[in-house]
Amino acid sequence: MAPLAGFMLTAVVGMSAFSIDAGHLIWNRTQLQTSADAAALAAAGNLPGGNLSAVKAAAVDYASINVPADYGTVMLREDVVIGHWDPSTRTFTPGTTEPNAVKVTARRTVARGNPVPSFFAKIFGVQTTDMEATAIAVGAVSTSDASFYKSVYVTSSKDLSNVVLEFEDGERQKFEPLSGYTGTFKGTGIHEGKNISRVWIKSGCNDSGEGPGYGERIDNPDSDGTVHGTNTHKGCRPHVTATFQAAGADFGDSGALSPVRLVE
């Protein structure tokens, strides 16, 4: 009976270790995820300001205040990655070109000096457990800070004939035939989602001489506001304008911009 009792005691201790330590790990994982979520949201909320240092500082600050003090330092500046979130493919690409998202990782590890301690599992030699949680949040980019423009609104004092867009990769797309005095244009097909560098607006007898049917050329000023053409409005030479419309992140099927939100 003694050997059997010893075996049963070991099994009971093992089950206790599993249940208690498993619950402890789940609790710590939940707390760590809450910290990561808060940090990502705070960081993404600072993106429109354009100060990337402030973005990282906000993440680290909010990560620390959303965990108990005995968790130690769960996030460092290197745990905060700024990049671009593509909603169509649901992928995050690190980089500071067209940043609209922040990915953060909260950690409790031996290397950081704050692993999750074990209770009964120590009997079996499991002293601590490394753990981490990640989160990605996207922040709408304000038009005053955005440097990428996906569409352009054009006007003319005469009926539009055609509009030509040139994208940042040098490719062009022509829209014709047109009618009316205004219109919003953006890349379609293989040019969908591309940033617009400049536009040619053809109406009346304006001609830039840069190609067949190319009207007055207006370059993207990379800033807010409407750019007026230089043609004098008289005779058949129309007055044209172009407003390059800055874009943030496309958050949903509606295509509408949304406030800061978690995407992963």
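Scope of the values below: all heavy atoms of this structure, side chains included, with no hydrogens, waters or symmetry mates.
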Sidechain-backbone polar pair: [X] side chain, [Y] backbone, donor-acceptor under 3.5 Å:
X    : Y    : result
T184 : Y153 : no
S208 : G215 : yes
T243 : T226 : no
N114 : T73  : yes
R90  : V263 : yes

Once side-chain hydrogen bond (donor to acceptor under 3.5 Å, both in side chains) is applied, do any residues pair with [X], and if so which ones, sequence neighbours excluded?
X    : value
K186 : none
Q173 : T188
D219 : R198, R217
T241 : T155

Where L160 and S203 come nearest, the two heavy atoms and their spacing: CA-CB, 3.9 Å
Check: W85 ring centroid to F92 ring centroid under 6.0 Å: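 No; F92 has its ring centre 6.0 Å or more from that of W85.
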Rounded distance (nearest 0.5 Å) linking atom [atom1] of [X] with atom [atom2] of [Y]:
X    : Y    : atom1 : atom2 : answer
Y214 : I201 : OH    : CD1   : 13.5 Å
K202 : D159 : NZ    : CG    : 13.0 Å
N220 : L165 : CG    : CG    : 11.0 Å
K194 : S151 : NZ    : OG    : 16.0 Å
R237 : D207 : CZ    : CG    : 8.5 Å
N162 : L178 : CG    : CG    : 6.5 Å

Nonpolar side-chain network containing I65, other nodes, edges under 4.5 Å: Y62
E210, CD atom: more than 12 neighbouring heavy atoms under 6.0 Å: yes
Test log, rule side-chain contact (heavy atoms from CB on, under 4.5 Å), inputs V55 and L47: CA-CA 6 Å; V55 170; L47 279 173; 4.1 Å; yes
Test log, rule side-chain contact (heavy atoms from CB on, under 4.5 Å), inputs N195 and F167: CA-CA 6 Å; N195 301 331; F167 306 100; over 6 Å; no
Sequence neighbours excluded, every pair satisfying side chain to side chain donor-acceptor pair (under 3.5 Å) that has a member inside residues 104-113: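 Matches after skipping sequence neighbours: N28-R108, D79-R107, D79-R112, R107-E132.
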Between E216 and T230: side-chain donor-acceptor atoms closer than 3.5 Å: yes
